[in-house]
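The next block holds one structure in the form of structure tokens; read it before the comments.
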There are 2 protein chains.
Amino acid sequence: MSRKPTLSDSVEEICRALGLRVTGPRRVIMQILAEATDHPDTVELHRRVTQIDPSVALATVYRTVKLLEDKKIIERHTFGDGRARYESADHAHHDHLIDVETGDIIEFHSDEIERLQEEIARKHGYKIVSHKLEIFVAPLDKQAKSTSRKARKTS
Amino acid sequence: MSRKPTLSDSVEEICRALGLRVTGPRRVIMQILAEATDHPDTVELHRRVTQIDPSVALATVYRTVKLLEDKKIIERHTFGDGRARYESADHAHHDHLIDVETGDIIEFHSDEIERLQEEIARKHGYKIVSHKLEIFVAPLDKQAKSTSRKARKTS
DNA sequence: CACGGGATGCAACCATTTTGCAATTGCGAC
DNA sequence: GTCGCAATTGCAAAATGGTTGCATCCCGTG
């Protein structure tokens with residue numbers, strides 16, 4: 001249990017692995033991040049955190065997410081608007097479809113696209129460090145999207 | 001010459017097509033954008049513009065790029081950092097490799113990836129409005145990247 | 001259970017972008 | 001050509017999203 005912690009580990013384990021102290025704010029922030037199934041921005045995270053502990057400052061949320069992002073515990077996205085949005089990095093890697101009409105975000109993964117990316121990078125003499133694929137979409141027709149309301153994951 | 005203007009058209013044609021007045025600042029800003037081969041941010045654009053006409057305000061550059069972006073004359077990118085960067089939209093569509101060590105940006109295009117994206121969107125009941133694929137890369141080895149110094153385009 | 005450095009809250013600050021407003025100017029009508 | 005007026009601009013102030021200095025607090029080791 002000592003290699004590369006994720007949000008599904010306990011706060012104690014994560015902090016020990018990263019050489020950080022276990023504090024009240026960190027407990028709450030990591031718990032919120034661990035149980036989030038969406039892609040909240042920092043202000044939304046702070047809103048959720050203060051429902052559990054109203055004394056936690058927004059600055060602490062900013063400091064904590066940056067820390068967790070640097071340590072690859074969470075991933076940062078921006079999705080067009082200015083704000084940074086976060087999700088746990090322990091889910092398998094995936095990209096995003098963003099419904100431009102509703103803001104809904106659908107996760108997907110394509111091994112084939114990933115393979116083509118590797119190929120392109122290699123052809124240019126590079127190796128991939130990370131990548132970001134966001135597809136902004138609109139419903140094909142008004143009925144088609146009614147089947148699900150929440151983010152899903154597909155292959 | 002009356003359908004969908006691009007930066008390679010004259011400023012007069014672009015403005016006429018968009019119902020805008022031809023002004024000094026717009027002449028200079030569009031000229032700079034048309035001849036740019038890189039992806040300048042707004043402050044850099046303003047720096048280039050003021051070398052030709054020092055009286056143009058930064059706010060005007062912001063207003064003009066937003067206008068051109070809304071009209072799909074230019075494209076906006078963000079590439080990780082906070083700033084918006086722009087490039088002419090009349091180049092054929094392409095995505096970007098970003099060298100994380102040097103900041104170099106290499107343009108590429110893959111019909112196959114585009115096709116797979118369409119397929120994924122359709123499978124979820126959506127059509128693609130736009131998309132953004134950025135691959136952050138590092139040199140495979142220290143020699144391999146020495147063959148070119150400037151952005152290129154490939155298939 | 002005392003101590004020291006890491007962590008926090010707060011407010012001030014920073015970078016980027018937007019906006020209110022008064023002054024200027026392009027351009028169609030005469 | 002020039003008049004009139006709305007579009008455009010410059011400027012400064014403000015909004016937005018995020019960072020930071022600092023005094024205080026408190027985790028965890030001894």
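In the text below, chain A, chain B and the rest are named by the order of the sequence lines, each starting its count at 1.
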### Task
Answer with base, sugar-phosphate or nothing: what part of the nucleic acid does V43(A) contact at a heavy-atom distance below 4.0 Å?
nothing
In whole angstroms, how far is the [atom2] atom of [N] from the [atom1] atom of [X]?
X: L67(A); N: dA7(C); atom1: CG; atom2: P; value: 7 Å
X: R83(A); N: dG18(D); atom1: CZ; atom2: P; value: 9 Å
X: I14(A); N: dA7(C); atom1: CD1; atom2: C1'; value: 17 Å
X: L58(A); N: dG18(D); atom1: CG; atom2: P; value: 9 Å
X: D81(A); N: dT16(D); atom1: CG; atom2: P; value: 14 Å
X: H46(B); N: dT9(D); atom1: NE2; atom2: P; value: 12 Å
X: D53(B); N: dT9(D); atom1: CG; atom2: C1'; value: 11 Å
X: R85(A); N: dG17(D); atom1: CZ; atom2: C1'; value: 14 Å

Return yes if some donor-acceptor pair links the side-chain N/O of [X] with the main-chain N/O of [Y] below 3.5 Å, else return no.
X: H46(A); Y: T60(A); result: no
X: H131(B); Y: L133(A); result: no
X: R26(B); Y: R21(B); result: yes
X: R85(B); Y: H39(B); result: yes

### Query
Heavy-atom contacts under 4.0 Å between residues 18-31 of chain B and DNA chain D, which residues?
L20(B), R21(B), T23(B), P25(B), R26(B)
#### Entry: E134(B), E87(B), R83(B) screened by side chain to side chain donor-acceptor pair (under 3.5 Å) with H77(B), the one that passes
E87(B)
Can you tell me if the side-chain N/O atoms of [X] get under 4.0 Å from OP1 or OP2 in [N]?
X: T60(A); N: dG9(C); result: yes
X: Y62(B); N: dT17(C); result: yes
X: K66(A); N: dG18(D); result: no

### Query
If each of R63(A) and T42(A) is mapped to the nucleotide of DNA chain D with the nearest heavy atom, which maps nearer the 5' terminus, i.e. the 5' end?
T42(A)
### Message
For a side-chain contact (heavy atoms from CB on, under 4.5 Å) check, start with the C-alpha distance between E114(B) and D95(B), then their side-chain angles and the critical distance, and finish with the verdict.
### Response
CA-CA 10 Å; E114(B) 309 267 312; D95(B) 296 303; 3.5 Å; yes
### Query
Does the gap between the ring centers of Y126(B) and H124(B) come in under 6.0 Å?
no
